[in-house]
K.L.:
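Before anything else, here's the structure in question.
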Amino acid sequence: MSIKTVYIFFVIALFGLNLQAQQSHQKLDVFQDTLIKISNAAMAENFDHKKLDLNGKFVKTLVEALKTPGSFSYPFDSLKNVSVIKSPDQAFRIISWYIQLENGTYRYYGAIQMNTNSGPLKLFPLIDQTDNIKDQNAINDNQNWFGARYYEIIPVTSGSRLPYYVLLGWKGNSQTTTKKVIEILSFTKDKATFGAPVFDGKNIKDKNRFVFEYAKSNAMFLKSDKKAGMIVFDHLAPFDSEMLGKFEYYGSDGTFDGFKVIGGKLKLQEGLELNNDANSMDELYADPKKNNKPIRKF
């Protein structure tokens, strides 16, 4: 076969691949439009049974969309009520969202889509079992998920061990409090595991995840800080010492703590001084300086 013939075959094959990719993208555009309509309708409903019925349709449509070849690279960035974030190493992405119920609580939904390089879809559905999880420090799988809407993924590698991933998530909780979560995700063979004893520091013992709870009227900063090389967060305290343990009275006391990766562990760093500001454009990252309620240190 001549070089010219090989070149022609190569051009034809490349054209075919480009055409297939274009068709897949157009198909996913249609799926996204449908998902937007279902999501908006669910958010506009007042009754739980209608919200949940629409959310069921949303889940089915999303799964069908993800079966489309090349779906991993499709951003779904017009789905404003849904968080879609990829791991920095491109190994997977997490799609997560929530439904707020009539009683002021939240139900979470999501999936982990693995990067199979356009191969068959590999998906871990995330089943929110918050109401049934008696110990929020328990290590769980994707079928027993401590639900959250994730907004950041931070990979941690150490030596020859498999990496684990730190997930930062928002977890609306009730009519009086909000939660945020530092979750640990790892993969072994065909299993996704949430939670691991990787936290280290003063007064930390056998922690598998970190859960913060504070007054719903307040905000909390929780974000990776590349300049500092760590995960930084507000130190939470009650407004008054008499309110200790009553999280509806908790908020930032104006100081910061953090976790720094040392030897594959997340080592607690207290009393940090930060020079960078929170991103006020993101509802998940709120500047604690804008809190209206005074916090008393004790």
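Counting from 1, the numbers follow the sequence of the chain as shown.
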K.L.:
Check for a donor-acceptor pair, side chain of K51 on one end and backbone N or O of Q100 on the other, with a separation under 3.5 Å.
P.N.:
yes
K.L.:
Indicate yes or no for a side-chain donor-acceptor contact from D240 to the backbone of M243 under 3.5 Å, with no hydrogens or angles considered.
P.N.:
no
K.L.:
Just so I know, are the side chains of L121 and F72 near enough to count as touching, which here means a heavy-atom distance under 4.5 Å?
P.N.:
no
K.L.:
Is it true that H25 and Y74 have ring centroids separated by less than 6.0 Å?
P.N.:
yes
K.L.:
Please find out if less than 6.0 Å separates the ring center of Y108 from that of F146.
P.N.:
no
K.L.:
Kindly list each side-chain donor-acceptor pair under 3.5 angstrom involving residues 53-61, sequence neighbours excluded, with atom names and distances?
P.N.:
residue	atom	partner	partner atom	Å
N55	OD1	W97	NE1	2.8
T61	OG1	K57	O	2.8

K.L.:
I'd like to know whether the aromatic ring centres of F259 and F210 sit less than 6.0 Å apart in this structure.
P.N.:
yes
K.L.:
Between E248 and K216, is there a side-chain N and carboxylate O pair less than 4.0 Å apart?
P.N.:
no
K.L.:
Are L222 and V261 connected in a single hydrophobic cluster, I mean Ile/Leu/Val/Met/Phe/Trp/Tyr linked by side-chain heavy atoms less than 4.5 Å apart?
P.N.:
yes
K.L.:
May I ask you to check whether D89 and Y165 show a side-chain donor-acceptor distance below 3.5 Å?
P.N.:
yes
K.L.:
Any side-chain heavy atom of L266 sitting closer than 4.5 Å to one from D200?
P.N.:
no
K.L.:
Taking R209 for the side chain and A138 for the main chain, is one N or O donor matched with an acceptor at less than 3.5 Å?
P.N.:
yes
K.L.:
Side chains of S39 and K80: donor-acceptor distance under 3.5 Å anywhere?
P.N.:
no
K.L.:
Please tell me whether F212 and W170 form a close aromatic pair, meaning their ring centres lie under 6.0 Å apart.
P.N.:
no
K.L.:
Quick test of your reading: applying salt bridge (Lys or Arg N to Asp or Glu O under 4.0 Å), list the pairs with at least one residue in residues 115-137, sequence neighbours left out, ordered by first then second residue.
P.N.:
K122-D190
K.L.:
Is there a side-chain contact between Y151 and K180 (heavy atoms, below 4.5 Å)?
P.N.:
yes
K.L.:
Do other residues, nucleotides or ligands put more than 12 heavy atoms under 6.0 Å from the CD atom of E242?
P.N.:
no
K.L.:
Please answer whether the main-chain N or O of Y150 pairs with a side-chain N or O of S96 as donor and acceptor at a distance below 3.5 Å.
P.N.:
yes
K.L.:
So do Q143 and W145 actually touch side chain to side chain, heavy atoms under 4.5 Å?
P.N.:
no
